[in-house]
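One structure is given here, and the rest of the page talks about it.
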Amino acid sequence: MKDIGILGLGVMGRNLALNIAHRGFGVSVYNYTPNETEEFVAKHMQGEDISAFYDVESFVRSLKSPRKIFLMIMAGKPVDNMIEVLIPLLDRGDLIIDGGNTYYFDTDRRMRYLEDKGLLYLGVGVSGGESGALNGPSLMPGGSREAYALVEDILTAMSARTEAGPCCTYVGNGSAGHFVKMLHNGIEYGMMQSMSEVYDIMRNVLKLSADEIGDVFEKWNEGDLNSYLMEISYRIMRKKDDETGKPLVDLILDKAGQKGTGKWTAEASLDLGVPAPSLYVAVYGRVMSFFKDERQRLSELVKKEPSDSVISRDALISDLENSLLFSNFVMYSQGIWLMNEASRVYGFEIDTAEVLKIWKGGCIIRARMLDLLIDIVREDRDNFNLLGSEKALSFLRDRLPSMRRVTMAARDHYVPTLVHNTALDYIFSMIEADLPANLTQAQRDFFGAHTYSRIDKEGIFHTKWE
Ligand SMILES: NC(=O)C1=CN([C@@H]2O[C@H](COP(=O)(O)OP(=O)(O)OC[C@H]3O[C@@H](n4cnc5c(N)ncnc54)[C@H](OP(=O)(O)O)[C@@H]3O)[C@@H](O)[C@H]2O)C=CC1
Ligand SMILES: O=C(CO)[C@H](O)[C@H](O)COP(=O)(O)O
């Protein structure tokens, strides 16, 4: 009898199965399409404590009680379908785990549905891509503590490790795990977009080659900007196309795909009324990239005036390093605010510092900056968006001049910098005592009698404007 079953042998599932087996647990595997299972058996199973099954009944029967089944399949309808297939085969107290990038409201719904049938359910955020799945991902489990206790040993053993411990912790109640994973991806979109923006400035303003940009990224990776995304980016910059010998990145079509988690993050920020404009526009960066033909056509119609400003290469590169730090800090702070508010509204009871700790290893947004963020969060647990901390403010203040110069240089050269601009405008808004929302309120009252408050006396007011 095996300790756990992995259902789904795609990129993630097959690597998770191997990872768990390498930690000394017995694993059963099943995949909907038998070809994938056959390939897994042929290529990966030799010498592993893994049994493969071609029918779900035998797969389920092969598991120790209470059974633990880890779904690693495409999110959405396939998960509902698979749950329906599993229900009649399971006994009370068995556990289904969904490790996919599932929409958190779906997780809540499934949790309630299965609870009524006496089954346990966990929504586990998994991050780390293919190599993380094999060598140790960051795991964000959410649901009941009773369900988590059944698999805590396996999840902890299979997760990545840093000097702070395993990159797995119980994240919180209900769909907390999938909410946090969604947010992780929202920040991932933001960090990827901010890196693309500095890349764009380096290639279009400084006219650096991919190799030269790779050198800059590699140097930055040795400092405060150290991160997984920075590391893969300098490797990407140096990769040559086998056929042409040109930098591969220069040959890749500039249309960025997406599977939904960034969009859900943006939607959650609006639903919860928490400002996360930089995470929001990072999604639009990808959306706009898709209109290649339209962009191509318009680029020939609008003349871009050449800039006459003199730019020092070293000074701009140094400013870009600071502007990236500023933007990334702001995006983490927007994400943390959203996480805190979701925890309050949905009763997740998330410990933010613990989440940041499990993001230090295994996951796509692991970055040196997390140490600073953890310090700030631990200093004052009520500092919901980090900006209540002098440490945070001095970090931003020190980089503000660079941020302004970078966004101005981008304007000057027609380089779109959605995330940089919104990060700066977010901070400008948050440090502004008097926003022009007074005019907005007056307009609303003018056309719709929506009323307004005044700064000089208490009450709700309406004016006959004409
Ligand atoms: N790739 C990544 O970096 C990461 C992915 N994830 C998430 O993990 C999940 C799996 O991703 P990944 O391994 O990359 O995906 P793949 O596309 O490699 O594999 C998809 C898996 O889903 C299964 N599947 C699809 N439709 C159905 C269905 N109707 N019924 C049963 N099984 C089905 C496939 O089975 P079949 O072979 O039969 O089609 C296959 O096993 C997704 O939710 C993804 O968002 C999470 C973190 C990182
Ligand atoms: O979860 C992930 C990384 O953390 C997956 O790689 C996911 O597919 C990334 O999202 P998208 O495909 O929308 O870029």
Side-chain angles (χ1 to χ4, degrees), residues 5-19 29-41 52-56 59 69-86 96-104 106-107 123-141 158-160 167 177-193 195-196 227-229 232 255-266 279 282-287 289-290 335 358-359 361-367:
I6 300 288
L7 197 158
L9 289 174
V11 174
M12 295 298 285
R14 61 174 173 263
N15 286 298
L16 289 177
L18 290 167
N19 176 352
V29 296
Y30 168 81
N31 191 69
Y32 189 66
T33 312
N35 303 5
E36 293 291 323
T37 315
E38 279 162 16
E39 196 190 321
F40 183 78
V41 170
F53 296 88
Y54 292 87
D55 67 291
V56 196
F59 166 72
I69 297 177
F70 199 124
L71 303 183
M72 205 56 195
I73 62 176
M74 195 192 287
K77 204 82 197 112
V79 175
D80 286 315
N81 293 346
M82 237 30 259
I83 287 175
E84 288 307 323
V85 171
L86 288 171
I96 298 177
I97 304 161
D98 175 13
N101 280 329
T102 289
Y103 187 46
Y104 59 105
D106 284 344
T107 301
V124 178
V126 178
S127 178
E130 190 172 8
S131 86
L134 179 63
N135 302 309
S138 173
L139 295 176
M140 297 149 243
M158 72 194 268
S159 70
C167 295
H178 278 145
F179 186 91
V180 165
K181 174 64 204 307
M182 173 202 77
L183 201 55
H184 164 287
N185 282 23
I187 297 170
E188 175 182 301
Y189 275 50
M191 288 174 76
M192 290 166 79
Q193 180 70 24
M195 290 183 77
S196 298
S227 69
Y228 171 74
L229 286 170
I232 63 166
K255 282 180 164 185
Q258 51 171 319
K259 296 207 180 94
T261 43
K263 172 175 160 275
W264 301 336
T265 303
L279 306 185
V283 185
Y284 274 116
R286 293 194 189 190
V287 172
S289 79
F290 245 78
I358 62 169
W359 284 352
C363 72
I364 306 298
I365 62 168
R366 61 187 187 258

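Residues take their numbers from the sequence shown, with the count starting at 1. Note: hydrogens, waters and symmetry copies are ignored here, and every other heavy atom, side chains too, is used. Order of appearance sets the numbers: ligands from 1, and atoms from 1 within every ligand.
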Before signing off on this row, confirm whether Gly13 and ligand 1 have an N or O atom pair separated by under 3.5 Å.
no

In short, Ala52 meets Thr37 closest at the heavy-atom pair CB-CG2, 3.9 Å

Mutual orientation of the aromatic rings belonging to Phe59 and Tyr30 [parallel < 30°, tilted 30-60°, perpendicular > 60°]:
tilted

Between ligand 1 and Met72, can you find any atom pair, the residue atom being a heavy atom, that is separated by under 4.0 Å?
yes

Geometry only, no angles: is Gln258 polar-contacting ligand 2 at N/O separations under 3.5 Å?
no

Against ligand 1, does Asn81 come closer than 4.0 Å with any heavy atom?
no

A side-chain contact here means heavy atoms from C-beta on lying under 4.5 Å apart; do Lys259 and Asn101 qualify?
no

So is Gly8 polar-close to ligand 1, meaning N/O to N/O under 3.5 Å?
no

Please confirm whether Ser127 approaches ligand 2 to less than 4.0 Å, judged on its heavy atoms.
yes

Any N or O on Met74 sitting closer than 3.5 Å to an N or O of ligand 1?
yes

Atom 15 (O) of ligand 1 within contact range, any protein heavy atom under 4.0 Å:
no

So which bit of Val126 gets within less than 4.0 Å of ligand 1, heavy atoms only: side chain, backbone, both or neither?
backbone

Tell me: protein heavy atom nearest atom 14 (O) of ligand 2, and distance?
Arg286 NH1, 2.8 Å

For the student: nearest non-hydrogen atoms of Pro137 and Asn19, plus distance
CD-ND2, 3.6 Å

Proximal atoms of ligand 1 relative to Gly129 (non-hydrogen, under 4.0 Å):
3 (O)

Tell me: protein heavy atom nearest atom 2 (C) of ligand 1, and distance?
Met12 SD, 3.6 Å

So which heavy atom in the protein is nearest atom 42 (C) of ligand 1, and how far is it from that ligand atom?
Ile73 O, 3.6 Å

Under 4.0 angstrom from ligand 1, any heavy atom of Ala75?
yes

Quick check: Val11 and ligand 1, any N/O pair under 3.5 Å apart?
yes

For ligand 2, note which part of Met192 has a heavy atom under 4.0 Å away: side chain, backbone, both or neither.
neither

N/O to N/O below 3.5 Å, does that happen between Lys181 and ligand 1?
no

Heavy-atom distance under 4.5 Å between the side chains of Leu71 and Leu86, does that happen here?
yes

Between Gly136 and Ala160, which heavy-atom pair has the shortest distance, and what is it?
O-CB, 3.2 Å

Hey, what's the ring geometry for Trp264 with Tyr103, parallel, tilted or perpendicular (30° and 60° as the breaks)?
tilted

Below 3.5 angstrom, do we get any N/O pair linking Asn31 and ligand 1?
yes

Under 4.5 Å between any side-chain heavy atoms of Met158 and Leu16, yes or no?
yes

For atom 45 (O) of ligand 1, grab the closest protein heavy atom and report residue, atom and distance to one decimal in Å.
Asn101 ND2, 3.1 Å

Heavy-atom nearest neighbour in the protein, as seen from atom 5 (C) of ligand 2, with distance rounded to 0.1 Å:
Asn101 ND2, 3.9 Å

Nitrogen or oxygen of Glu130 less than 3.5 angstrom from that of ligand 1:
no

Element-labelled atoms of ligand 1 that are located less than 4.0 Å from some non-hydrogen atom of Glu36:
37 (O)

